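When a ligand or atom number is given, it counts from 1 through the structure's own listing order. None of these values were measured; they are calculated from a predicted model.
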Amino acid sequence: MDTPALGQPASAASSLEPYVQLLRALLPRLDVLSVFNAHGELYWSSQGAVEPDLITLLPESIRAAEKDPVAFGEQRSVRGAPIYLFWLRRDDGAQPATPFAVVTVSLRSAAVDAEQRSLSFIQSMVRPAIECLRRELLARDEIFNLQSSMLEQDNDLEMLLSVSGGGSDSRAEDGNDLKAIVANATEHLKVGLSALIIPEKGIALVQVAKDKPIATTLLAKAHRHLLSMAQVRRQATIVNRLTFGSGDSAAYRVLACPIPKADGRAMGVLALFRVDSAPEFTAHHGRVTELLARRIASIVTNSYDALTGMLTRPAFEQRVNAALTNSGFGSGYVERDGADALRAWCALFIDINRLHLINDNYGMHMGDRVIAQLGELIRGRLPPGAIAARISGDRFAILVQASLDDATRFAESLRAGAEAVGAAFGDGKMPTSVSIGVAVVDPRSEELVHAFAAAETACKAANDRGRNRVEVYHEADESIVRRFTDINLVADLRRAIAEDRLELRAQMIVPLGAKRSAPHFEILLRVIGEQGEIVGPDSFLSAAHRYQLMPTLDRWVIQHSIDMLRPHADLLAASRVQFNINFSGQSLQDAEFTDWIEKLIERSGLDPGCLCFELTESAAIGNLARAEPLMRRLRELGCSIALDDFGTGLSSLAYLRTLPVDLLKIDGSFVRDVLKDPRAESMVQAIAQLARSMSLTTVAEYVETDEIMSRITALGVDFGQGFAIGRPVPLAEIVAELPLYAAAAQPSGVWPASTAA
Ligand code: C2E
Ligand code: CA
Ligand code: CA
């Protein structure tokens, strides 16, 4: 027990007077009873003042008690009169046997015989009463200790609560939370200097106390020691006398606590310093500091992405807002010139291209390595003061204080660096790269969302324009401005879905050359605008993609197509008329999509053979892991599968062998150019030949003229679709004419004139 016994002087309420009465009953000549603590200081006396001579005796008596651990007490004399000292010890048998209290008894000076004054006689008389007194004093002592430790714990609790931020633990916090913890520790644990150092995150927070301050220069000497101490010890380390460096002989009390990472190793250290005249650090301080360290660790972990060490999105938003506010933005932008003009901020939005290909083909761990290396690249090149984050799986955002030109140059250097990193991945067959959008942060915008929207828009444009490039946001750029209006479009689109203002059209696909078979129809979606105007997918698909509306649209289209075809199930089963339905890559992410489609078809009573599903080549190859099983199940049901926009994706033809595909739809861009561009022509021919060798059927889209139709027929394409054959018309009309189309497949059938829209 390290707390001195009888720490608190006895008060009136804690008077020991009853013991005096008890002892007087046993020893009628008892004069004065006094109690001293282990340091020889008076705790209580039956007489106001105590003889100074008696006080001088006490240290010596305490030493005598230590030498003779079983002795009960001793007799001494003060100015000729005998005085009896009784040593009250604890029950723990600790060595040395220092008493926690000494009781002294003096007698009234009356003539008594020597025997009656002997120590052994007095002891035998008072022993039981002194034992009761000992027990009471021990109990008081314990209560006092409990109270003070509770008080201390209350204080600690108060501090820990005040640094816990009140919010949920999973929330990421900004640097201010860490600052608050360090400030709290400084004040609460009464230290002269506190420091939080986390080198890998670039965190160095230092707080000097007002009371007994310690100069921060100490840290320059100490920080290396502290960090290495944190590496080897998992708990708080206390050194109550430590000198740093040669010239300086000053000693400090140091409490250093590692900031733990998930793997148990230290990411940094929280160090508290006291001057050596201040009280020592105790194990209790160590435990409190460990709690603070854990709190710091959780804040840091939630603020930083584990894979890249960059900020997480919420932490990023807080930092960026703070940076913009501090630089004068937000609180009103003041235009100044000269040296103190506010410097421009630029936002960079970075998108990793085709990461999913790496994930699908080499596994997620390889994708993670790409992300980690790009993160490292970005962190390594950040200019001072820049703030960078991984804001979602394959996207990064950076705020730099630089002119648009400088920021663009920086972006270009990142793009080139990423290209070099990405080229080496896998076996080099799936090079990854980044697209970067750069924009000046609009000083008027109050929200980060707006600040980065322009950069994101430019990044999308970089993607649209072929990826692996840097695009700068210009308001005049039409394709970029269109993205901006996406946001409004999405609201319109949602409303259109809710109000069922969608319509299905169908475009005929006919067999080419001498082949005689029933036509196919591709079902295409239209939105009916609020004024009744017909809106094509061109105007809403990019917004629908961006805002994850495609799965909803796909389900709507499939559901309504089947509903419209159902009444004609028998006719369709007897003919070979086929309806092609498009669905998007986003629906592949929908885990229930396959089951949903399967049930829908089974319950419809339709012959699954009259349905063909179109998925673009790039969506299929981009998510093989999901596309393949879905295609397989649809095929098992009896539906056909078409690869749409074939020739534009990056599919190595090897995929074709493994994918369950029936049809290739040759991308319209080749078909349209087939007469004027020999490369387009040989592409169409190559696809047609390849398909034939694999028993796949080919369809050419964008057959805009009769000349194109003859040429592709000659090149060996099986079916044609395009304005020269027929424009999309309402599906309802096609359905009404179904008996005609069914007849067309018959050898004696009549071909209906193409329905022009
Ligand atoms: P797609 O699947 O390649 O559909 C063919 C598009 O080419 C249709 O445009 C069609 O109207 C157009 N087209 C047909 N013949 C010609 C021609 O001779 N020349 C030209 N220039 N264009 C022709 P649409 O209907 O605007 O659809 C555009 C894209 O929107 C479609 O391309 C498809 O990717 C998507 N889409 C349309 N409807 C749906 C749908 O219901 N679901 C899904 N997921 N996507 C759809
Ligand atoms: Ca299509
Ligand atoms: Ca197409």
Side-chain angles (χ1 to χ4, degrees), residues 493 496-497 502-510 519-528 534-546 548-565 578-590 593 597 611-620 627 630 640-649 661-675 684 687 698-709 711-712 717 719-731 734 754-757:
L493 191 53
I497 298 171
L502 302 175
E503 190 192 77
L504 295 178
R505 303 227 149 173
Q507 185 180 28
M508 191 158 31
I509 303 171
V510 297
H520 300 177
F521 294 90
E522 178 174 7
I523 296 178
L524 297 162
L525 180 63
R526 300 289 180 267
V527 167
I528 304 168
I534 301 293
V535 184
D538 264 5
S539 335
F540 60 79
L541 278 195
S542 97
H545 266 109
R546 256 157 60 85
Q548 283 289 325
L549 274 180
M550 288 311 292
T552 312
L553 287 178
D554 285 344
R555 284 189 186 221
W556 192 98
V557 170
I558 295 169
Q559 175 82 60
H560 284 76
S561 304
I562 288 180
D563 285 349
M564 288 179 75
L565 296 176
Q578 204 178 55
F579 285 86
N580 290 17
I581 303 178
N582 294 280
F583 71 91
S584 74
Q586 276 179 8
S587 285
L588 295 174
Q589 306 296 341
D590 174 353
F593 185 66
I597 249 191
L611 297 176
C612 173
F613 288 92
E614 295 191 7
L615 182 62
T616 61
E617 180 196 12
S618 47
L630 171 56
S640 317
I641 305 291
L643 271 192
D644 205 353
D645 299 350
F646 191 79
T648 53
V661 167
D662 305 279
L663 270 127
L664 298 183
K665 295 194 74 174
I666 305 170
D667 190 69
S669 59
F670 303 115
V671 179
R672 194 169 37 195
D673 291 349
V674 79
L675 298 176
V684 172
I687 294 173
T698 44
V699 179
E701 322 174 295
Y702 290 23
V703 180
E704 289 178 339
T705 62
D706 290 344
E707 293 76 53
I708 293 177
M709 179 138 68
R711 180 63 62 88
I712 55 161
V717 177
F719 282 82
Q721 170 184 9
F723 296 164
I725 298 160
R727 291 194 176 249
V729 296
L731 178 59
I734 303 288
S754 71
T755 343

Next item on the list: Name whichever N, O or S atom of Asp645 ends up nearest to the Ca ion (ligand 3).
Entry: OD1
Checklist line | Nearest neighbour of atom 26 (O) of ligand 1 from the list Gly585, Pro537, Gly536, on a heavy-atom basis | finding: Pro537
Note to self: I want to know whether Tyr702 and Phe723 have ring centres closer than 6.0 Å.
What the structure shows: no
Checklist line | Closest candidate by heavy atom, reference atom 4 (O) of ligand 1, pool Glu522, Met550, His545 | finding: Glu522
Next item on the list: Report the nearest protein non-hydrogen atom to atom 19 (N) of ligand 1: residue, atom name, distance rounded to 0.1 Å.
Entry: Glu704 OE2, 2.6 Å
Checklist line | Shortest protein contact, atom 31 (C) of ligand 1 (heavy atom only) | finding: Leu524 CD2, 4.5 Å
Next item on the list: With heavy atoms of Gly722 as the reference, note each atom of ligand 1 found under 4.0 Å away.
Entry: 15 (N), 18 (O)
Item checked: Phe583: numbered ligand 1 atoms lying under 4.0 Å from its heavy atoms -> 44 (N)
Checklist line | Nearest protein heavy atom with distance in Å, relative to atom 18 (O) of ligand 1 | finding: Phe723 N, 2.9 Å
Notebook entry, point to check: Which protein non-hydrogen atom lies closest to atom 15 (N) of ligand 1, naming both residue and atom, and how far is it?
Noted result: Gln507 NE2, 3.0 Å
Margin query: Please list, in number order, the atoms of ligand 1 under 4.0 Å from a heavy atom of Ser584.
Written below: 44 (N)
Next item on the list: Using only N, O or S atoms, tell me which atom of Glu614 is closest to the Ca ion (ligand 2).
Entry: OE1
Margin query: Just to be sure I read this right, does ligand 1 sit under 4.0 Å from the backbone of Pro728, its side chain, both, or neither, counting only heavy atoms?
Written below: side chain
Margin query: I need the Trp556 CH2 to Ile497 CD1 distance, nearest 0.5 Å.
Written below: 9.5 Å
Check: Would Glu701 count as a contact for the Ca ion (ligand 3), in the sense that one of its N, O or S atoms lies under 3.0 Å from it?
Finding: yes
Check: Does the side chain of Thr552 reach to within under 4.5 Å of the side chain of Met550, using non-hydrogen atoms?
Finding: no
Margin query: Which residue and atom name correspond to the protein heavy atom nearest atom 32 (O) of ligand 1, and how close is it?
Written below: Asp644 OD2, 4.9 Å
Check: Would you call Met508 and Glu522 a side-chain contact if the rule is heavy atoms closer than 4.5 Å?
Finding: no
Check: For atom 43 (C) of ligand 1, is the nearest protein heavy atom under 4.0 Å away?
Finding: yes
Notebook entry, point to check: Heavy-atom distance from atom 38 (N) of ligand 1 to the protein below 4.0 Å?
Noted result: yes
Check: Does a side-chain heavy-atom distance below 4.5 Å link Leu731 with Phe521?
Finding: no
Notebook entry, point to check: Which heavy atom of the protein is the closest neighbour of atom 41 (O) of ligand 1, given with residue, atom name and distance?
Noted result: Val557 CG2, 3.3 Å
Notebook entry, point to check: Are the side chain of Gln507 and the backbone of Ile523 linked by a donor-acceptor contact shorter than 3.5 Å?
Noted result: no
Check: Quick check: does any side chain N or O of Asp645 sit under 3.5 Å from a backbone N or O of Thr616, one acting as donor and the other as acceptor?
Finding: no
Note to self: Quick test: of every protein heavy atom, which one is nearest to atom 46 (C) of ligand 1, and how far off is it to 0.1 Å?
What the structure shows: Asn582 CB, 3.9 Å
Next item on the list: Please check if the side chain of Ser561 supplies one atom and the backbone of Val557 the other of a donor-acceptor pair under 3.5 Å.
Entry: yes
Next item on the list: Please say whether Asp538 places an N or O atom under 3.5 Å from an N or O atom belonging to ligand 1.
Entry: no
Next item on the list: Report the part of Asp645 in contact with ligand 1, treating N, CA, C, O as backbone and CB onward as side chain, heavy atoms under 4.0 Å; options are side chain, backbone, both, neither.
Entry: side chain
Next item on the list: Could you list which atoms of ligand 1 come closer than 4.0 Å to a heavy atom of Glu701?
Entry: 3 (O)
Notebook entry, point to check: Quick one: does Asp554's side chain have a donor or acceptor within less than 3.5 Å of a partner on Ser584's backbone?
Noted result: yes
Note to self: So for Arg526, does at least one of its heavy atoms come nearer than 4.0 angstrom to any atom of ligand 1?
What the structure shows: yes
Note to self: In the complex you have, is atom 2 (O) of ligand 1 within reach of the protein, judged by whether a heavy-atom distance drops under 4.0 Å?
What the structure shows: yes
Checklist line | Option with minimal heavy-atom separation from atom 36 (N) of ligand 1, where the choices are Thr616, Leu541, Leu525, Asp667 | finding: Leu541
Check: Given side chains that start at C-beta, do those of Asp644 and Asn582 come closer than 4.5 Å, heavy atoms only?
Finding: yes
Notebook entry, point to check: So do the side chains of Lys665 and Phe646 get within less than 4.5 Å of each other, counting heavy atoms only?
Noted result: no
Next item on the list: Output yes when Arg672 and Glu701 qualify as a salt bridge under the 4.0 Å nitrogen-oxygen rule, no when they do not.
Entry: no
Next item on the list: Identify, by name, the N, O or S atom of Asp644 lying closest to the Ca ion (ligand 2).
Entry: OD2
Note to self: Students should be able to answer this: which protein heavy-atom is nearest to atom 7 (O) of ligand 1, and at what distance?
What the structure shows: Tyr702 CE1, 3.2 Å
Next item on the list: Measure the OG-CD distance between Ser640 and Gln578 for me, rounded to the nearest 0.5 Å.
Entry: 4.0 Å
Notebook entry, point to check: Side-chain contact, heavy-atom cut-off 4.5 Å: Val684 with Ile687?
Noted result: no
Check: Counting only heavy atoms on the protein side, is anything nearer than 4.0 Å to atom 9 (O) of ligand 1?
Finding: no
Margin query: I'd like to know: is the Ca ion (ligand 2) within the 3.0 Å range of an N/O/S atom from Asn582, strictly under that distance?
Written below: yes
Checklist line | Gap separating the CE atom of Met564 from the CG atom of Leu504, nearest 0.5 angstrom | finding: 6.5 Å
Margin query: Considering both backbone and side-chain atoms of Gln721, is one of its nitrogen or oxygen atoms within less than 3.5 Å of a nitrogen or oxygen in ligand 1?
Written below: no
Notebook entry, point to check: Should Lys665 be listed as contacting ligand 1, given a heavy-atom distance under 4.0 Å as the test?
Noted result: no
Check: Would a line drawn from the ring center of Phe719 to the ring center of His520 be shorter than 6.0 Å?
Finding: yes
Item checked: Worked verdict on Ile641 versus Leu663 for side chain to side chain contact (heavy atoms under 4.5 Å, CB included) -> CA-CA 6 Å; Ile641 305 291; Leu663 270 127; over 6 Å; no
Item checked: ligand 1 versus Asp554: contacting region, heavy-atom distance under 4.0 Å -> side chain
Checklist line | Side chain to side chain, Arg505 and Glu503, heavy atoms closer than 4.5 Å | finding: yes
Checklist line | Side chain, backbone, both or neither: Leu553 near ligand 1, heavy atoms under 4.0 Å | finding: neither
Notebook entry, point to check: Any N/O/S of Glu522 under 3.0 Å from the Ca ion (ligand 2)?
Noted result: yes
Note to self: Parallel, tilted or perpendicular: which one describes the rings of Phe613 and Phe583, with boundaries at 30° and 60°?
What the structure shows: perpendicular
